[in-house]
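As structure tokens, the structure follows; a few thoughts come after it.
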Amino acid sequence: MMHRKVVLRVVSKFLIPPILVFALYVQFHGDFGPGGGFQAGVIFGAAFILYAILFGVETVKKVLPPWVTRLLLVVGVLTYGLCGVAGLLLGGNYLDYNVLAHDPLHGQHYGILIVEAGVGITVAAAMITIFNVFAGQTGED
Amino acid sequence: MQGIVDAFAPLYAMWQSFEAFMAGPGSPGLLGYWIVVVLMMTGFYIVIAHDNLVKKIVGLNVFQVSVFLFYILMAKVSGGTAPILADGIEKYANPLPHVLILTAIVVGVATTALGLALVVRIRNAYDTIEDDEIQAVEEEEDT
Amino acid sequence: MLIMGVMAIAIARIRDLFAVSMLSGIFSLTAAAAYVVLDAVDVAFTEAAVGAGISTVLMLGTLALTTRQEKVTGGKSKGTAAFFVVAVTGAVLIYGTFDMPRYGDPIAPIHHHVAPRYLEKSFGEVGMPNVVTSVLASYRSFDTLGEVFVIFTAATGVLAILGRAGRRRREDEIADETVTARSDDASPDKDKETAS
């Protein structure tokens, strides 16, 4: 139904790669400026949602099949949880990052990086899943 | 360089007048909380007075934003900056409410999505999203 | 922020749900601007991405699946009663604000519990300039773990409600096609069973 909106399609094709890169920037620059896993996940999800709005949900499902987003949803939560378990195995408390590296500060850096990655993956997968379910309903009616 | 600074001068003046408006001697410094109360009550009114389920969820969102604003207002320190550490800055806003609200916003959109999904499901089952019509259908089915 | 108040009242009055969802998006964007003024850049970022982007899209998706117009309902009595309740509650809350610390007061109790410790020691203990990130991911990581689980559960819930419901409806339609004689009686009953 969107086949005639040439301007929208071309502009969004130009915009989607910068949006994805910006999401990654927000993800990994969250330690120094505003940003972090929650925002990055939402922006990453928004890029796919924009694509789905313009080119149809079926096209997105070719790139990201539903089982991939569902898997990512679980992977994100597990990344977070297992990071805590790793601290436990290395002799600290649950979610204690000081023991992840020889230097406590480096350990904190690794811990925060992993945890934020887990948050980002979960949020992005959740947003894409929710949108796909809503949009998939529209197709049936 | 000076030109750029001058270009932002009206914005800065606006911001300063906002600060003066919120904390100045004219008002007792509670205006922000009053706006929060007005927003909160508007959301509350939408939730209880309207029968449409989508409208009720929008009302809940307004209510939610008012609570967020309340937390952020409390975190503000006059003369402080955003809580990103830098040299030569002494005063920062309180980071703890920011953390709580940051996560609450994302959780809020997830729960909103869940609520909207329930609305769609209700519409599939009852063919309406008005509260009173749903009750009418239920009573009809009971008799 | 006064603009936000006006907008909220407009949301309460307008019955066209499309306009309402658009207004709620703009409402979130204004809220984000207010957060920037109040020094909460991280929160403003999130609100702009989530409130103005995702939730508006979800609202529109719901409207596409349901109706666009709100029905004119509720006699005057209901609106008046609701307004009365709201006015009383609001008056009590405003009375409560007189005990609040003043706007931007640096000696308010909230600034003297754990916040100074985070601001002073987090750079030495965590080594991140952004205090919000270090509190979020390190000091309060259990809290954040809980939030991540909530998001996970919400996505799973949406899948459970809508994903399976669509499949069931398709099964119903197939059943209707095979049992053509009694389809009109059968499908509403099935819908009722699945709903309850």
Side-chain angles (χ1 to χ4, degrees), chain A residues 23 26 29-43 45-46 49-50 53 66 69-70 73-74 76-77 80-81 83-84 94-98 104-106 108-109 111-116 118-119 122-123 125-141, chain C residues 36 40-54 57-62 64-66 122-130 132-134 136-142 144-145 147-167 169-170 173:
Chain A
V26 169
H29 202 260
D31 317 347
F32 307 103
F38 284 100
Q39 294 94 326
V42 171
I43 295 170
I49 289 175
L50 175 64
I53 290 173
T69 50
R70 280 169 214 189
L73 202 63
V74 181
V77 176
Y80 201 130
C83 179
Y94 189 68
L95 287 172
D96 185 358
Y97 313 136
N98 282 345
L105 273 187
H106 285 179
Q108 290 282 348
H109 269 282
I112 289 180
L113 209 62
I114 296 170
V115 161
E116 291 275 14
V119 172
T122 313
V123 173
M127 294 302 154
I128 297 171
T129 311
I130 289 171
F131 179 78
N132 277 353
V133 170
F134 270 85
Q137 294 277 310
T138 325
E140 284 168 21
D141 283 342
Chain C
V36 173
V41 279
D42 279 281
V43 182
F45 202 168
T46 320
E47 178 76 42
V50 167
I54 306 274
V57 168
L58 287 179
M59 290 273 175
L60 292 181
T62 314
L65 293 174
T66 58
S122 73
F123 194 74
E125 285 176 353
V126 186
M128 302 250 168
N130 189 349
V132 172
T133 302
S134 56
L136 178 85
S138 185
Y139 289 108
R140 302 210 159 220
S141 47
F142 278 103
T144 314
L145 179 64
E147 311 277 10
V148 171
F149 270 114
V150 171
I151 293 164
F152 174 75
T153 316
T156 321
V158 171
L159 273 177
I161 292 169
L162 285 185
R164 292 186 63 196
R167 206 174 304 145
R169 222 172 53 219
R170 256 172 275 146
E173 280 161 15

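In this text, all values refer to a predicted model and were calculated from it rather than measured experimentally. Residue numbering restarts at 1 for every chain, and letters A, B, ... go by the order of the sequence lines.
Both the backbone and the side chain of A:V74 come within contact range of chain C, judged by heavy atoms closer than 4.5 Å. With a 4.5 Å cut-off on non-hydrogen atoms, A:I43 touches chain C through its side chain but not through its backbone. Both the backbone and the side chain of C:V148 come within less than 4.5 Å of a heavy atom of chain A. Within the 4.5 angstrom heavy-atom criterion, only side-chain atoms of C:F149, from C-beta onward, approach chain A. Within the 4.5 angstrom heavy-atom criterion, atoms from both the backbone and the side chain of C:L145 approach chain A.
For the side-chain hydrogen bond (donor to acceptor under 3.5 Å, both in side chains) test, residues two or more places apart in sequence or in another chain that qualify with A:Q108 are A:N98, C:S138. Shown here are the side-chain hydrogen bond (donor to acceptor under 3.5 Å, both in side chains) partners of C:T46, two or more places apart in sequence or in another chain: A:Q39.
A:V119 is not listed as a side-chain neighbour of C:E147, based on a closest heavy-atom distance of 4.5 Å or more. Side chains of A:F38 and C:D42 form no contact here, defined as non-hydrogen atoms less than 4.5 Å apart. Using a 4.5 Å heavy-atom cutoff, the side chains of C:I54 and A:F131 are not in contact.
Highest contact tally toward chain A, considering only C:V50, C:T156, C:T62, C:T144, is held by C:T144 [criterion: heavy-atom pairs under 4.5 Å]. For the options A:V77, A:T129, A:V123, heavy-atom pairs under 4.5 Å to chain C are most numerous at A:V77.
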